[in-house]
Protein chains: 2
Amino acid sequence: MPESMRGLKRSHRCQEVINAAIGSEVTVMGWVAKNRVKGGIIFLDLRDRSGILQIIFEEEHCGKEVFAKAQKLRAEFCVAIKGKLEKRSGAANEELATGHLEVEARELRILSESETPPFHIEEDSKTKEELRLKYRYLDLRRPDIQKNIIMRSRIATVVRRCLSELGFLEIETPTLIKSSPEGARDYLVPSRVHPGKFYALPQSPQLFKQLLMCSGYDRYFQLARCYRDEDLRADRQPEFTQIDMELSFVDVDDVIEVNELLIKTIFKEVLDVDVKLPIQRMSYAEAMERFGSDKPDLRFGMELKDISTVASKCGFSVFKDAVSAGGAVKGIIVSGQAGMPRKKIDALVEFAKGYGAKGLAYMAVENGGGVKSSFSKFLNESDINEIIDIMGAKEGDLMLFAADKKAICAQVLGALRVELAKELGLLNDREYEFVWITEFPLFEFSEEENRYKAVHHPFTMFMEEDMQYLESDPGRVRAKAYDIVLNGTEIGGGSVRIYQSDIQSKMFDILGLSKKEANERFGYLLEAFKYGVPPHAGLAYGFDRVVMLMAGAQSIRDVMAFPKVKDASDLMIEAPDSVEEKQLDELGLEIKNSR
Amino acid sequence: MPESMRGLKRSHRCQEVINAAIGSEVTVMGWVAKNRVKGGIIFLDLRDRSGILQIIFEEEHCGKEVFAKAQKLRAEFCVAIKGKLEKRSGAANEELATGHLEVEARELRILSESETPPFHIEEDSKTKEELRLKYRYLDLRRPDIQKNIIMRSRIATVVRRCLSELGFLEIETPTLIKSSPEGARDYLVPSRVHPGKFYALPQSPQLFKQLLMCSGYDRYFQLARCYRDEDLRADRQPEFTQIDMELSFVDVDDVIEVNELLIKTIFKEVLDVDVKLPIQRMSYAEAMERFGSDKPDLRFGMELKDISTVASKCGFSVFKDAVSAGGAVKGIIVSGQAGMPRKKIDALVEFAKGYGAKGLAYMAVENGGGVKSSFSKFLNESDINEIIDIMGAKEGDLMLFAADKKAICAQVLGALRVELAKELGLLNDREYEFVWITEFPLFEFSEEENRYKAVHHPFTMFMEEDMQYLESDPGRVRAKAYDIVLNGTEIGGGSVRIYQSDIQSKMFDILGLSKKEANERFGYLLEAFKYGVPPHAGLAYGFDRVVMLMAGAQSIRDVMAFPKVKDASDLMIEAPDSVEEKQLDELGLEIKNSR
């Protein structure tokens with residue numbers, strides 16, 4: 001039978017007793033993490049969100065009745081204990097903050113009992129994720145998950161405080177909005193008041209935050225819930241949280257300045273990590289050239305080198321043909337891996353093929369200076385030396401080359417360098433390398449639709465110096481867009497917006513959007529722009545990803561209290577689910593039988 | 001043509017120039033609120049979110065070109081102005097913080113022009129709300145709405161900081177959840193991945209916050225978006241925000257203590273109002289008895305008095321019959337209104353009928369001591385004196401009486417006292433009277449279903465001393481539930497939850513809920529309760545209402561950036577709306593033609 005806590009008041013959380021005086025009386029409440037009997041004494045690890053505290057029951061101190069009750073305790077019972085704080089009589093546990101303390105229990109209340117849980121509550125659980133998510137309320141007791149959830153809350157607190165201090169207002173935008181004609185990934189919400197009509201859940205507050213700028217709010221932010229109905233990739237969730245912001249009367253540098261302050265503050269206050277400012281900036285072109293990625297992981301080198309000059313004149317037709325077809329030959333150095341077994345190289349070739357490569361060529365400078373290569377028989381010694389020279393390879397190094405279209409070379413080698421860094425253990429979770437990627441292309445050409453499309457969105461401003469190419473060579477126009485990248489993950493991105501109606505019209509022209517289409521998609525924003533719109537720019541972070549990287553978690557599911565799985569279902573509450581006919585009737589809907 | 005702000009950086013918001021030195025150069029950016037020419041000088045009121053600043057253009061200072069440009073300015077143009085901060089040459093405007101200052105413009109950029117807005121941007125706009133909401137981005141420029149939105153942000157910031165300091169973690173709970181079988185007001189969200197199945201949007205995070213207590217998070221809060229699909233009353237919105245919290249290892253007093261600290265902090269920091277602690281508590285029974293309401297407005301008296309003892313023995317059959325039928329006769333005093341015209345009293349009778357009264361009796365003690373009454377002819381003098389005595393009426397007072405079932409008496413007079421207070425101007429927006437209403441009934445009897453239902457929800461704990469009546473007289477059992485009431489509005493409420501499985505089972509019995517039904521509705525929570533659940537309790541505030549009261553706004557629509565109107569539609573974005581057939585196909589849905 002559960003007991004009441006009447007008459008008891010918790011004096012400390014488990015870990016907080018380190019601030020109490022030895023010999024003082026404390027009252028703690030929590031869950032039985034572990035219990036054992038040794039030498040007639042019952043030892044109990046009590047767990048709450050702050051940590052673990054050792055409790056001991058000795059019959060001579062706590063009395064017969066309490067001792068007998070303590071004997072009934074089992075894992076995950078919820079209990080209240082009153083006792084005397086003492087120095088631990090046995091050896092201290094250096095892994096616990098309370099490892100040199102124990103509470104000598106005098107009083108025990110079993111607030112509620114527990115059945116045997118379906119899995120043991122422990123850090124780094126080996127239990128299958130499906131089972132853990134079904135019993136998420138138990139999984140959430142695990143100290144490592146609790147640490148993540150607590151850190152998430154802490155990060156949100158710091159973000160809000162910092163942005164408030166910088167003059168930002170948190171303004172809530174609606175989540176029952178309108179589906180846009182291109183909103184293929186919108187979640188729809190049928191209306192009962194207007195049967196047959198629908199709201200949509202927002203993929204982001206983009207248009208609302210721009211409207212708030214039109215309304216003069218000047219600096220807006222929001223930790224905004226966003227929604228996307230799509231097949232879920234490893235680290236996507238149907239609902240996710242953005243740190244969303246927009247600023248008026250600013251240009252690129254102002255947005256970057258504010259966000260560097262924000263990043264520095266978060267990392268200092270939450271992780272005690274100093275982020276050096278300014279954060280380096282790299283153009284999109286440079287990032288692709290040097291790292292084969294627009295989100296380069298800068299914790300390690302292994303930069304891409306271009307050997308096209310040698311390749312174009314060498315005897316190896318694969319190289320030669322790639323260059324003469326307008327492509328390139330690029331390579332990376334894998335330090336000290338000259339002796340990599342053939343089998344492993346073959347695995348890398350397979351990996352590269354997954355990214356579109358036709359193959360990979362390799363060359364190793366063996367200790368002693370000999371060269372082993374998949375293509376050296378086609379090359380003369382001077383070409384080989386020139387390649388080694390361009391690559392900067394040393395004895396013991398392995399080189400891997402891709403010969404293809406430039407984009408493919410970048411893609412393949414960009415992925416390969418990250419894969420190799422993982423395999424070779426070059427990635428340190430506790431090292432934080434930031435970089436701003438800037439000067440993104442404004443347009444990308446869609447082969448499918450035979451027209452240019454906006455890379456970011458059609459309100460993104462171009463760099464003034466590229467205005468001349470707007471009509472003649474749109475592909476060359478760079479955007480005032482920026483991504484912030486941490487350890488190879490894009491954690492946020494944004495752009496300066498177009499606020500000039502003449503430029504906006506030209507933009508729609510280039511995108512092949514008629515006035516009518518533009519109005520359908522962005523009507524109220526275009527209308528708002530008629531009444532004095534300020535220059536503005538914004539940025540949004542994927543909050544879940546930020547937390548994941550800061551917590552060193554492997555998945556965003558480990559930093560959300562109640563995540564969904566890949567097929568967008570919630571295993572604990574069993575959603576989505578069928579609903580009653582009556583509910584559908586009221587919405588004026590029926591389910592198609594054909595499915 | 002819009003100009004660029006390149007080379008200019010805003011130095012101050014309009015109101016911030018009060019911190020700048022006279023004679024210094026400032027750069028301000030904002031909107032033209034007003035402009036006029038007088039004596040060859042152009043006067044311009046520049047508006048940004050901080051306030052208004054007067055700018056003057058004199059040709060001799062700003063030059064011909066700038067002056068000419070300034071002549072083109074019209075209302076709502078967005079401009080950047082660089083100039084010299086000066087003491088105002090004309091008379092100071094005491095209504096403005098910057099009323100003694102002006103900026104002598106040297107440079108002007110027209111960042112963007114404005115068409116003539118559909119209504120004038122001004123405080124206390126007389127423009128129809130429908131038009132203002134259609135152009136909400138313009139409406140949001142109004143200084144009074146901006147003040148509300150800024151205050152809302154400020155309140156949220158203080159709430160979050162205060163709760164963090166009290167050891168609460170903000171934890172986000174999912175909004176794509178499961179529809180409960182009784183979720184008649186759930187918004188449903190069809191799933192594309194699982195055609196024919198639906199999520200529901202949460203009416204509150206109730207079950208999730210209780211699960212978080214099971215998981216040991218101890219003190220949870222969230223500013224949570226909630227949803228309710230219902231016909232909208234005046235002050236409801238389909239999506240609204242709750243300050244939601246839950247605490248473990250606590251009882252009623254602990255929850256109240258924490259929340260009094262929170263309330264005191266918010267009012268002090270945001271309004272500089274001192275809330276005296278402890279806030280008074282009043283039982284539900286007392287509130288109904290004295291004020292005819294479970295959310296009494298304590299800014300004024302006009303308490304209900306019971307004259308049933310006299311009524312039962314008097315010659316007025318309406319009074320006598322009401323009492324003998326088990327009802328009551330109760331009255332209120334309207335001070336100094338003995339001379340209220342008959343027509344006005346008749347209007348009050350009509351008002352009372354709207355609340356279920358069959359009529360209202362009145363009695364006035366006229367100056368000089370004479371009594372005028374609708375029923376005095378049925379009473380002898382001693383009865384009349386006894387009534388005046390019980391009521392405590394003085395010369396010049398009017399008394400109004402209702403004779404009916406006790407609940408009807410309370411309802412009618414409760415509504416009447418508030419209506420009279422409004423009419424007589426007794427309500428001061430800047431006075432804040434709080435009261436905790438406690439000891440609510442746990443059950444209410446549903447005549448319709450011929451069974452008891454939970455007033456709050458079926459997890460609400462009863463007061464230990466009433467346990468004896470659980471089965472014998474459920475209507476008498478009081479709940480450990482509490483509402484916090486401010487100036488006659490319930491701004492929050494909550495309860496201590498049942499955490500004992502035996503008590504929970506008994507509760508379901510009394511509610512006539514079979515085990516199967518209970519599992520269908522609360523399955524995962526009941527499952528979670530098997531594994532050691534802590535005593536816990538919670539509370540939720542209607543955040544929109546809190547802001548409305550603090551801002552002195554008349555409607556929650558005035559404290560939300562993008563509110564919806566009564567039929568739940570958004571007039572600006574025109575949602576809800578029809579969607580493309582293709583979207584419905586993917587969801588496996590079709591619209592019924594019969595509607």
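Order of the sequence lines sets the chain letters (A, B, ...), proteins ahead of strands, with each chain counted from 1. All of these numbers come straight from a predicted model, not from anything done at the bench.
At a threshold of 4.0 Å, the pair B:R10-A:D218 counts as salt-bridged, since one of the basic side-chain nitrogens sits closer than that to a carboxylate oxygen. One finds no salt bridge joining A:K530 and B:E113 here, because no Lys/Arg side-chain nitrogen approaches an Asp/Glu carboxylate oxygen to under 4.0 Å. Taking the charged nitrogens against the carboxylate oxygens, A:E230 and B:R192 have no contact shorter than 4.0 Å, which rules out a salt bridge. Classification of A:R160 and B:E170 as a salt-bridged pair holds, one side-chain N sitting under 4.0 Å from a carboxylate O. For A:E464 and B:R6, the salt-bridge test passes: some basic side-chain N is under 4.0 Å from an acidic carboxylate O.
With a 4.5 angstrom heavy-atom cutoff, B:R13 touches chain A only via side-chain atoms. Contacts between B:K9 and chain A at a heavy-atom distance below 4.5 Å involve the side chain alone, from C-beta outward. In this structure, chain A has no heavy atom under 4.5 Å from any part of B:M560. With a threshold of 4.5 angstrom between heavy atoms, B:Q210 does not approach chain A through any atom at all.
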**Message:** As a quick check of understanding, evaluate side-chain hydrogen bond (donor to acceptor under 3.5 Å, both in side chains) for B:T175 and A:Y227, giving each step before the final call.
**Reply:** CA-CA 10 Å; B:T175 55; A:Y227 303 85; 2.6 Å; yes
**Item:** Worked check of side-chain contact (heavy atoms from CB on, under 4.5 Å) between B:L589 and A:L188
**Value:** CA-CA 11 Å; B:L589 292 177; A:L188 297 182; over 6 Å; no
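Side-chain atoms of A:S179 and B:Q583, non-hydrogen and from C-beta on, do get closer than 4.5 Å to each other.
Here the straight-line distance linking atom NE2 of B:H194 with atom CG of A:D577 works out to 10.5 Å at 0.5 Å rounding.
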